[in-house]
Every structure is written in structure tokens, then in C-alpha cells.
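Numbers here are sequence positions counted from 1.
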Amino acid sequence: MSERHNRGGYRKRYYPRDRDDYDERRHETPDDKLKTSIIKLGEVDPVEEIPRVEQSIRDHLPRNIPLLSEALLIGVTEQPYKIPFYAALLRLLHNPSEAAVTEESPLGRLVLEDFWKGFQSYVDKVAWRETRLCIHFFAHLTVAKLVSIDSMFSLLRSFTTVLDEFGVSHGRAKRAALCAGEGLLMAGTILQAESPSGVEEIINAINVYVDTTAQQKWLVCPSSRISSQDIPTLNTVELLDVLLSSLTALNESDFKEIENCVPQPYKKYPEIDSATLTPYVLPVVLVPPEIIELDSMSADSGEEAPVKQEEWPEFLSRLFPEDVSPDPNTPHGYVLRTALLDIIDIFEVNRKECARLLLEYPKWNLPGTFKPKPGAPATTDPLPAKDWQLESTVIETVLGAYMILPESSKKSIYYIALITELCKLSPSTVGPAVGKSIRKLYASLSDGLDVESARRFAEWFAVHMSNFGFAWVWKEWVPDLSLPVQHPRRAFMRRAVEFEIRLAYHERIMKTLPESMQAPDAYTIPKQAPGPAYEYEDPSNPHHDAAQAVLNLFRGRAKAEDVVAHLDSLKSSLENAEEGHDSVDSIVRSIVVQSLLHIGSRSFSHFLNAVERYLSLLRNLASGGTSSGSTANSEAKADILTASASFWKHNRQMVGIVFDKLMQYQIVDPTDVVAWTFLNGVTVGQLAELGKPMNLSAFEWDLLRGALDKANGRVTSARRKVTTLKKEDDDARARVKARADENMDLDAEPKDEADDAPKEAPPTDNAALTTALKAFSSLTKEQKTALSKTLEGFVKCLAPSSTDAHANPHARTVITEEAWNNRANWDRDEWNAWETWGWYRQFCRAYAPYLRTYSTTLYTVSFAKFDHAKDPAAELLKLIWNIGTGQET
């Protein structure tokens, strides 16, 4: 199997779109043409094309079985919507050929045997998606009586065995359950007739595992209830739950309903006589154990082990009623949703092709599944018509994949761009579906839509509007201006408008909004366009002259040493003006940072050039003017961050960008940004004048996420460097040892040293490796501190002490179920606290792999004080923490 095909390369190869591809096809060999015809089966009409492709295969001489099985493997694993038709093709290839010798195995059997080798390679590589799709293929072949029923049962049981493994990860268990469950779903009619107890065994195995995931599902449910661990059933369905309910429903009806869900074109062909051809017995499969990546660095040194991304239960969004899109809880809904998800997943490499295939998906379904296009001929199929709306189903599926928590499997921009392509292909049908989805998601904001889901919703909304002229009926949401200013709907409006301004400009977006939303007291759009706010530009400012002097030095590109000398004299003059020593230092730092940002405010390149030119100056400021003293350093770095945020208070995007660059140039550390965010982040933005207590909004979460990602990314880079240097060092030592062994000859006569050739000296202590290990250790401590500071900040916000002046008095009250049911009467502070709880949940689930590494230490530092106190807020904090870090609860 070529690597190109494993990565989806055939889509570029077999769908020519330009002259070069056409010229390449002209030079295809007969083998290439046959392979192409198999892969492109059904581009016009699959049922009509199957006999033609079968005849092409039989006419192709000499036979090339590996070529045929490879083409089928590509088709099955990269075009899963064609699997039933590939099964029909293989069924025809089992018919005896007129020219065949009596003892010769049917062509289809030879291809199937070679196909199994490819499937076995997928299993060995733990390629879960390809493995699962091949099981779909075997399930259809079992229904076609080409595969032994007993061996199919054995294959499915080999995957349910994974569910019983000790300490199995959720990602591995979920994929194994999907392999077994979907295989049973496809072949259930024949398996149930043969062994009802065997079917029950598989369903029970999945059920037992699903029962163990209740708390994980609660933490990633897109509809947050904060304290109640009862998962809302409205508009949220979990993938394994849906699979289990579908299997249970099918088992009760002897799996007869599946015939109305999945095409089975092979059933139209005469059955193969089992007396002349016995079904193929699938060999026994052993699923390889879970791969545990071990790092060569010593665990005794206290260094962090590599982290593996945590996988969580996967929820499917529900936006439309059952008469518009299929209910995922039904077998038909499950089959359609997972089929669309496979297309979205596989065709990430080509979103235009993906959009085309999604809108052509009804061609691969039973007639009547979706509403026919206007002008299409009426179907004569006897099956009852479902008449679901294709576009609504597709948009619902794409948005569901986009909003999976804690993060989607693909980059967010892929899903956003895919919806844009769908709208471009069919604006008259996809456009209304998108509009209805926006309204449905907006309505769910009041019902507890998770804060991370709401953030992504705002991003998608803004980007989508930018692609279509920012045309939206904002007046529909004008009545919601009467809601509290921190209500999720009003927060969404602000966030979406802020994103739109980033994608266009302030004046244009202002014109799209109703007048009532443009008013300053609506807190929907800022009074002025995003831009710098140089505090010392006003001549009435008492430090205007001092700032102008510093600004002129920067404009004249003065040397950093000259600027430092000038600042020393400035401090003396300010101290003589009877200002406190601490306030003088803060004033000087603010003047320097804001003046430097003012120089760099013209463009991003100006900003980078200014920072790079005065790196030594900024580092001197960040040190507090001393070579030691962490307190002075922390205060100095906090002053730098405050000055930067104040300068860009009208452009919160630039706050995040400047903070990122300050961390990149190591002027401040991620820990400094975390500490500043919890104490000072609330002072930035258009709601600062409302006196918001210590809580987190999406803006503060973005700053925290940037700091944590920076700390984690540095550790990852340092680990890779250490691993590379260790490998190089080990290789060097191995080469020296090998050369010494080659030169060792005990029987040889001794030689004079003068006659000896120069010998390679054994490697001494590797200075580069030693330096890298020290850097890795330092960065690991920084990562641990950043995570600890973040956890402490959340604890202070959500379970504050009675003496904390910054505490939100409503932080504890919203955790009760009664308070949630009374949310219609919530004011600003209650919604603030609710959002902070949401970001704490996101912190625990998104950074679970890193938190788990230090779980014992972090728990002791942040939660030990609550162990003997009956504090509802503290108990909920610990519950979320324990679920996120995989502790017993």
C-alpha cells in the first residue's frame, strides 16, 4: 500500500482539474486505468456502473490481484459512502467465469483474501478509521453471504475485548466500540438470525463501558448545568450513547429497520449456493495493545514525561426537529450522521471536494431519504420516504463537529471554510439552513450553551458574515438589549461584533447595526474604532513632558544605554517631586512601555522592530532595575503588562498579540501573564467602567490560553531538543565503541605509538546536552508554576475567602440547581460567575494531559485547605478537577 493513498492522495490523482492532470492520465497504463475505474465507481450511477466495472476487471489480463485489492482498499477507506456498492462489485466477482477452470477459486475470493492483508496492516498500525471502515465492508459481505457468520462474530468480539482492558483510555475504547458496534449494526440482520445471544453479548459489552463514562460526559456536555451531573437531553446526544440506543432498538426489531437505512444493492443478485462456494472465514485478529510513548529521560530527575492528548466523549449537536433532520438517537439518524462525519474527516485535504460530496450524498442513499431537488423525477421505490432536508442535516453535522469539546478534531478554520464552500455551491438551499442554525444556537445561549461553544459560535458567525457582506438581521436581537449586560446573548453580540471589526473596519460594521445597538449604553460596539490610547499624549497629563522626552529618544533611535541613563535622571526628578518610590518606578515603566508601543503602533512590523531594538531596555525594566529579587521583578513585569493593556485598551486583539510577543522575547513569563490576568484583566475593555468583580470572560480566557500554550509549547520544544541531542550523543558513543572494537586485536604484534593512526577520542560530557537538560528542567518548572497559578486563580474566583475584596458575592450561589432554574432573574454578577465556572471546566478538560502530570502537587497547593470544610463551591471545584485529571470521585 503506497503512503500516498494512505494519506488521501488519490483524491488529487483521480480527480483531474487542470491540463497537467489530463496529460498525466493520457500516459496511464492499463493497470492504472483499471484501478482508476474501480476507485471512481459510481460517479454517474453506481448501480448501472457495477456490471461494467466487473466486466472490465474480468477482461483485464494478466490478472493483478494486488492491484484490485489495493483499489478496493482505497475506495473503502477513503470513499466510505461507496462501501455497499463495492460489496456488490465483489459479490459479482464471486460468480464463476465462463472461462474459469472448475478447481480455480472465484476472482472475488482471491481479491477478498488479498484485501484482508491490507486490513490486517491497518489493525497492526492501529489505524482506527481505516479499520472501522473495513469492518463495514466485511459486514456487508457477511449479509451478502460471502463472509462466514462465525468469523464475523469473532472479529467483532476481538474489538469488544479492548473494552475490558485495564486502564483503557477513552479514545481507544471509543474507537473499539465503534468498530464492534457499527459492524454489528451493518450485519445485524444475519448475525441476529444466527445467534441472538452473540448479538446480546456485543451490545452488553458496549453498554458496560458506556456506563463508566457518565462523569466524563458531564464535563464535556455542550449544554452546561454547572452543578447538576444530569446531562440535559435537549439538543445533546453522545456518540456511544446513540450507537447503543440504535443497536438496542434494532435488536428489538430483529434488525429489519437497517434495510431502510443502508443500501444493500448486492441483495438484488441471486444468492450464492453455499454448497458450491463456502463463505470466506476471516482470520483471527488480535488488536495491538495501546501504544505508550516512553521518553528516554530519567523519571528520577523529576522531569515531565511526554503528554498524550486526552480524548473525551463526543457529543452530536441537535439543531433541527425530526422532520427536518434525522434524529441521531434513531438507527437512520446514526447511520447518516456518522457517514457525513466520515466524509468531513477524510476530505479535510480538499474542502471544495468535500462540499461537493456532501451535497451529492443522497446519490449514495436509498431513494426518499432526503427531499428531492426541484424538478427531479419522482421515485418509484416502495420504501417510505423520509424527506429530510439535506442542507440542514449537513450544516447541523458540520457545526456539531466544529463545536466538539474540549476541542474539535480539525482546525476551526476548516469547518468554517467548509460551510462557506457549501453556501457558494448552493446558496439558495444552504443559506436558509445556515440562518436557521445561527438562530438556534443564539437561542441556546440562554439555556446553558457551554462558554467554549459560545466562543466558537461567535468566531464562526463573524467569519461567515465577512464572507457574505456582513448581512445579518440584527434587529431580531434588539429586544435582548434589555437583558443584563453580562448575559450570554449580549456577550455573544459584543464578541461577534469585535470579531467582525477585526475582519473589516469599525465604521462599516457600525452601519450594519440598528441604532439602538450603536448607543454607548448598549455595550455592543465600542464608541470608537480600535486603536492606540497613548495616555501621555494629552498635554494636561502631569507626565506629558517626561513622556515626550522619552518618545523623542525612541524616535531618534537612541541607544538603549542612553535611554537607561535618561530614565535614571527622570526617576530622580520624579522622586524630588515628592512622589513615592514605588509609584515612580511604575510611572517610569508605564512611560517607557507606552512610548515604545506608540512608536510601533503604525504596523505590526513597526512594533516588532521597536521591541527588538530595545530588548535590553525592556529586560532591564522587567528586572525592576535589580539583578535579584523576585518581588521586584513580579511588580515590574505586572507594570509592563498593565501599561501594554492600557495602551491597547480599545483593541483587545492587540493586547493578546503584545502579551504573546513579550513572552516570546522573554521579557515576561507565562506565569506573569496568568497572575496579571486574574488580578488586572478585568480592567481592560469597554465594560471596565461597570466595576466588574474578579471573574473571567472570553477575553481573559484568551490571555490565559495564550500563556498556558506558550509554557506548554516551550516544554515540548525543549523535550524534542533534548531527545535529538541525546540520540546524537548516543550515536557518537556507539561509533567510538564500534571503532574501538574493530581496532582491538589481541593477537597482533604491538606497534610503536608513532606508527599508530590518530584515534577518535571518546566523547566527553556533552555541553550542548547539559545546557538543553537545564533549559528543559527550567521550562518544566515554569510550566508547572503557570498551571498552578491558573488553578489558584480559579479557586480564588469561585471559592473566595470572606476577606477577599475582589470576590464576586454570587460565585457560590450559582452552583445550586435551584439558582440555575431561576436564571431568568440573574443579574450581571450571577452571569459573570456562571461564565467563570465555564472557563474553569474548559481549563480542566483542555489541559487535562498537563494537569494530570502534576495532579498531586497542584491538588495539595489549591485544594488541601478545603478537605475538611463543607463548602459547596470547593466540592464542585474538586469534582471538576478530579474528573479532568482522571481521579476517582
Side-chain angles (χ1 to χ4, degrees), residues 76-77 115-143 147-217 238-248 250-251 255 279-293 308 310-314 334 338 886:
V76 166
T77 58
F115 183 94
W116 174 265
K117 298 176 184 177
F119 167 71
Q120 184 65 60
S121 70
Y122 288 138
V123 175
D124 294 340
K125 292 184 293 187
V126 200
W128 285 109
R129 185 185 70 201
E130 289 81 0
T131 299
R132 177 173 57 83
L133 295 176
C134 286
I135 290 176
H136 286 198
F137 185 56
F138 293 137
H140 282 282
L141 295 180
T142 304
V143 178
V147 167
S148 161
I149 297 176
D150 291 339
S151 66
M152 188 64 194
F153 265 123
S154 176
L155 176 63
L156 300 183
R157 290 191 188 102
S158 65
F159 287 92
T160 57
T161 302
V162 173
L163 305 178
D164 295 328
E165 293 176 354
F166 176 76
V168 61
S169 68
H170 179 77
R172 176 177 170 85
K174 178 179 73 173
R175 290 175 174 86
L178 292 176
C179 288
E182 292 182 4
L184 176 60
L185 185 143
M186 300 292 178
T189 52
I190 194 167
L191 297 181
Q192 211 266 357
E194 177 69 17
S195 175
S197 61
V199 171
E200 289 282 354
E201 176 188 347
I202 296 172
I203 296 176
N204 289 337
I206 298 174
N207 189 25
V208 169
Y209 175 76
V210 169
D211 288 341
T212 67
T213 64
Q215 290 187 323
Q216 287 181 311
K217 287 186 288 189
E238 200 275 326
L239 185 61
L240 290 186
D241 284 341
V242 174
L243 172 62
L244 189 60
S245 63
S246 298
L247 289 174
T248 302
L250 287 170
N251 190 37
F255 286 85
Y280 176 64
V281 178
L282 301 174
V284 176
V285 168
L286 178 63
V287 182
E290 190 160 16
I291 299 175
I292 302 176
E293 297 181 359
K308 183 178 180 182
E310 184 72 17
E311 298 194 54
W312 297 86
E314 181 178 338
Y334 179 85
T338 53

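- Across W312 and K174, no two heavy atoms sit closer than the pair O-NZ, 4.0 Å.
- With a 4.5 Å cut-off on side-chain heavy atoms, L184 and L247 count as touching.
- Using a 4.5 Å cut-off on side-chain heavy atoms (C-beta onward), F255 and I190 make no contact.
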* Apply side chain to side chain contact (heavy atoms under 4.5 Å, CB included) to E182 and Y334, showing your working. => CA-CA 10 Å; E182 292 182 4; Y334 179 85; 2.6 Å; yes
* Show your reasoning for whether side chain to side chain contact (heavy atoms under 4.5 Å, CB included) applies to M186 and F137. => CA-CA 9 Å; M186 300 292 178; F137 185 56; over 6 Å; no
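- Ring geometry for F138 against F119 counts as perpendicular: the plane angle is over 60°, on a 0 to 90° scale with 30° as the lower cut.
- Pairing each heavy atom of T131 with each of C179, the nearest pair is CG2-SG, 4.3 Å.
- Atoms NZ and OG, on K117 and S121 in that order, are 11.5 Å from each other to the nearest 0.5 Å.
- Of the possible donor and acceptor atoms, none in the side chain of N207 sits under 3.5 Å from a partner among the backbone N and O of I203.
- Of all the heavy atoms in V285 and S158, the pair that sits closest is O-CB, 3.4 Å.
- Nearest heavy atom pair, residue A187 against residue T142, reads CB-CB, 4.4 Å.
- With R175 contributing its side chain and G171 its backbone, the two residues share a donor-acceptor pair below 3.5 Å.
- Closest approach of T77 to L133, counting heavy atoms only: O-CD1, 3.4 Å.
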* How far apart are the C-alpha atoms of L178 and F159, what are their side-chain angles, what is the distance that settles it, and do they pass the side chain to side chain contact (heavy atoms under 4.5 Å, CB included) test? -> CA-CA 9 Å; L178 292 176; F159 287 92; over 6 Å; no
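- Between T161 atom OG1 and L156 atom CG the span is 10.5 Å, to the nearest 0.5 Å.
- Side-chain contact between Y122 and R132 is absent, with no heavy-atom pair separated by less than 4.5 Å.
- Taking a cutoff of 4.0 Å between a charged side-chain nitrogen and a carboxylate oxygen, E165 and R172 qualify as a salt bridge.
- Formation of a donor-acceptor pair under 3.5 Å by the S151 side chain with backbone atoms of L282 is found in this model.
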* Taking it one step at a time, do D164 and V208 satisfy side chain to side chain contact (heavy atoms under 4.5 Å, CB included)? -> CA-CA 9 Å; D164 295 328; V208 169; 5.7 Å; no
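- By the 4.5 Å heavy-atom criterion applied to side chains, M152 and V143 are not counted as neighbours.
- When each of V162, L240, N204 is checked for a side-chain contact (heavy atoms from CB on, under 4.5 Å) with Y209, only L240 meets the rule.
- In this structure a side-chain-to-backbone donor-acceptor pair under 3.5 Å is present from S245 to D241.
- Annotation: side chain of T160 is in contact with side chain of R157 (closest heavy-atom distance under 4.5 Å).
- The shortest non-hydrogen separation linking G183 to I135 is CA-CG2, 3.8 Å.
- Within the model, atoms CD of E200 and OG1 of T248 stand 8.5 Å from one another, a figure rounded to the nearest 0.5 Å.
- Rounded to the nearest 0.5 angstrom, S148 OG and L155 CG are separated by 11.0 Å.
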